[in-house]
Amino acid sequence: KEKHKILHQLLQNSTSPVDL
Amino acid sequence: YTLPASRNKVISHLLLTEPSPLAANQDESTNDGSLKTLLTLCDLLNRELLLLIGWAKHIPGFSGLSLVDQMSLLQSGWMEALLVGVAWRSQRTGDELVFAGNLRLDEAQCRAVGLADLYVALRHLTCKYQSMNLSQEEVVTLKAMALANSDADPVDCADSVQRFQDGLHEALQEYEATQRGEQHRAGRLLMSLPLLRQTADRAVAAFLRLHRQRRIPLHKLLLEMLDAK
């Protein structure tokens, strides 16, 4: 999960900002 | 897209949630023409990828999969899903690849940016789709099926992924039986998937090569997804 952090965050609908 | 003509609920939903086409944002960080084109293309791909991930959540059945399976399917199938759109937009445009309305690349331009192989593969796919005269309904269904059928390994819950695939397959079959009335149409569409995967593999290899050999900077999301392949 750590390696695929951004995809994980996007799918979880994270409210924290995602650094793209 | 115009209002969905399909009476199939799954396909109507896919049409309604299909994102509007993006425009390319011209890169201004360099004066090198071919590098500028390449950076513009990579920025476009990164934004399309972001939209695709949001769109995937709307595919009926996708959100019911485990997070691990959602990630696996997207990591395996994202380039295939994006290239369905590129090939469809590039139909009847002579020899150009239409990445966006304002980013059309011909063979010489693709060669100049190091994407000669990808140009050949994508034109082949485009000609295939053009000869099949795909409808919008078929395009969105193919895109969803490319994700669902990405053969990600390992799969967390194989039964759920199978049901997700079956739902899309049923939708396609129902659409073809009621709307197009061509006996072998659904099978022909499915048989175009290997060419799509082959083309996507070439695309991923090309962008990774550009990143590693020519040190082309890539956005974090795009790089993460390329690395996952």
Side-chain angles (χ1 to χ4, degrees), chain A, chain B residues 17 19 22 25 39 42-59 61-79 81-82 147-148 150 152-154 156-157 160-161 164 204 208 217-229:
Chain A
K1 280 181 186 171
E2 189 51 37
K3 199 176 164 193
H4 310 297
K5 206 167 56 176
I6 303 175
L7 177 61
H8 188 251
Q9 274 180 279
L10 289 171
L11 284 173
Q12 275 202 317
N13 247 342
S14 166
T15 48
S16 55
V18 179
D19 181 7
L20 302 175
Chain B
T17 53
L22 291 179
N25 296 332
L39 292 175
C42 289
D43 172 74
L44 176 71
L45 277 180
N46 192 63
R47 287 183 292 123
E48 286 215 310
L49 187 47
L50 186 61
L51 273 187
L52 179 78
I53 294 167
W55 177 78
K57 295 181 190 177
H58 296 291
I59 305 174
F62 185 85
S63 292
L65 301 175
S66 72
L67 184 58
V68 171
D69 283 339
Q70 292 182 22
M71 288 179 70
S72 299
L73 292 185
L74 276 163
Q75 284 168 341
S76 302
W78 66 275
M79 184 61 95
L82 290 188
L147 270 191
S150 62
D153 182 42
D156 182 37
C157 180
S160 305
V161 173
F164 177 50
V204 167
L208 277 175
L218 296 176
H219 294 74
K220 286 181 183 175
L221 175 62
L222 180 57
L223 184 57
E224 177 179 301
M225 297 298 273
L226 285 169
D227 271 340
K229 297 283 285 176

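All values derive from a computational prediction rather than experimental measurement. All chains are named by letter (A, B, ...) in the order of the sequence lines, taking the proteins before the strands, and each is independently numbered beginning at 1.
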Spatial distance of atom CD (B/Q75) from atom NE2 (A/H4) [nearest 0.5 Å]: 4.5 Å
When rounded to the nearest 0.5 angstrom, what distance separates CD1 in B/I53 from CD in A/Q9? 11.5 Å
Show the nearest heavy-atom pair for residues A/I6 and B/E224, with the distance to one decimal. N-OE1, 3.0 Å
Between B/Q70 and A/L11, is there a donor-acceptor pair closer than 3.5 Å when you use the side chain of the first and the backbone of the second? no
